[in-house]
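Below: one structure, written as C-alpha cells.
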Amino acid sequence: MLYSIHGRIPSKKNQKSIFYRNGKPFISTSQKFKEWHKYAVEEISLQKPKMHPGPVRIHVDFYLPDNRKTDLSNKLESINDLLVDVGIIEDDCWQQVPEIVSTGQLDKENPRAIIQIIEIKD
C-alpha cells in the first residue's frame with residue numbers, strides 16, 4: 001500500500017520545546033510539529049488508510065526541498081509515529097516493523113514522502 005505526505009517532513013525529535021506549568025518545566029512537541037502532524041493525519045486519512053496488523057516492512061522515499069543537511073532517521077520517526085496514530089500500523093516496535101528502508105532525494109518543486117507498507121508473509 002502506498003501513501004504520500006506533501007511538504008517538508010519535520011523531525012519530531014528536533015521539534016521539542018520547554019514549557020512551564022505551575023513553575024515546573026516540562027518538554028512538549030512544538031506547535032509547528034503539532035500543526036504538521038494534524039495536516040499529515042488529514043492527508044493520510046483522505047487516502048483511505050488500511051490497517052496492517054504486522055509484521056510489515058516500511059519503505060519511505062523522502063523528496064527534500066533543498067540540499068540542507070538533514071537526518072532521515074529523525075524524519076522517519078515522525079512518519080512511524082504518524083502511521084501508528086492513524087492506525088495503519090499497530091506499533092512501530094521491531095516485532096511489528098522488523099525492516100525499515102529510507103532514501104533521500106532532491107525535489108525542490110514537490111517535497112514529500114512516499115511511504116510503502118509491505119506485509120511480511122510467514
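In this chain, residues are counted from 1 in sequence order. Reckoned from all heavy atoms, side chains included, excluding hydrogens, waters and symmetry mates.
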Inset, instruction - Taking the side chain as every heavy atom from C-beta outward, state whether Leu82 and Ser78 have any atom pair closer than 4.5 Å. - result: no
Legend entry - side chain to side chain contact (heavy atoms under 4.5 Å, CB included) evaluation trace for Met51 with Glu90: CA-CA 8 Å; Met51 172 60 161; Glu90 185 177 315; 3.7 Å; yes
Inset, instruction - For residues Ile120 and Pro98, determine if any side-chain heavy atom of one lies less than 4.5 Å from a side-chain heavy atom of the other. - result: yes
Inset, instruction - State, yes or no, whether a side-chain contact exists between Ile88 and His52 at a heavy-atom distance under 4.5 Å. - result: yes
Legend entry - Ile5 and Ile115: CA distance, side-chain angles, deciding distance, side chain to side chain contact (heavy atoms under 4.5 Å, CB included) verdict: CA-CA 8 Å; Ile5 302 170; Ile115 305 155; 3.8 Å; yes
Legend entry - Side chain to side chain, Lys50 and Ile117, heavy atoms closer than 4.5 Å: no
Inset, instruction - Following the transitive rule for hydrophobic clusters with a side-chain heavy-atom cut-off under 4.5 Å over Ile, Leu, Val, Met, Phe, Trp and Tyr, establish whether Val41 and Met1 coincide in one cluster. - result: yes
Inset, instruction - Mind listing the closest non-hydrogen atom pair of Gln47 and Tyr3 along with its distance? - result: OE1-CA, 3.1 Å
Inset, instruction - With rounding to the nearest 0.5 Å, note down the distance linking CD1 in Ile100 to NE2 in His59. - result: 12.0 Å
Legend entry - Student check: side-chain heavy atoms of Ile89 and Ile58 closer than 4.5 Å: yes
Legend entry - Nearest-0.5 Å distance that lies between atom CG in Leu83 and atom CD in Gln96: 12.5 Å
Legend entry - Donor-acceptor contact present, side-chain Asn22 to main-chain Lys24, <3.5 Å: no
Inset, instruction - Give the intermediate values and the outcome of side chain to side chain contact (heavy atoms under 4.5 Å, CB included) for residues Ile9 and Ile79. - result: CA-CA 8 Å; Ile9 310 302; Ile79 295 291; 4.0 Å; yes
Legend entry - Residues, nucleotides or ligands: over 12 heavy atoms within 6.0 Å of Gln95 CD: yes
Legend entry - Minimum heavy-atom distance Leu106-Pro65, with the two atoms named: CD1-C, 3.9 Å
Legend entry - Separation of Glu35 CD from Lys38 NZ (nearest 0.5 Å): 8.5 Å
Legend entry - pair Val101-Arg57: side-chain heavy atoms closer than 4.5 Å: no
Legend entry - For the student: nearest non-hydrogen atoms of Leu2 and Ile114, plus distance: CD2-CG2, 4.0 Å
Legend entry - Within 6.0 Å of CG in Asn67, more than 12 heavy atoms from elsewhere: no
Legend entry - Evaluation steps, ring pair (Phe, Tyr, Trp, His ring centres under 6.0 Å), between Phe33 and Trp36: CA-CA 5 Å; Phe33 183 85; Trp36 170 82; 5.4 Å; yes
Inset, instruction - State, to 0.1 Å, how close Tyr63 and Asn110 come at their nearest heavy-atom pair, and which atoms those are. - result: CB-O, 4.1 Å
Legend entry - Nearest non-hydrogen partners of Leu72 and Thr103, listed with the distance: CD1-C, 3.7 Å
Legend entry - Smallest separation among heavy atoms of Leu76 and Phe62, with atom names: N-CZ, 3.9 Å
Legend entry - Spatial distance of atom OG (Ser73) from atom CG (Asn80) [nearest 0.5 Å]: 10.5 Å
Legend entry - Pair Arg112 + Glu43, salt bridge at N-O below 4.0 Å: no
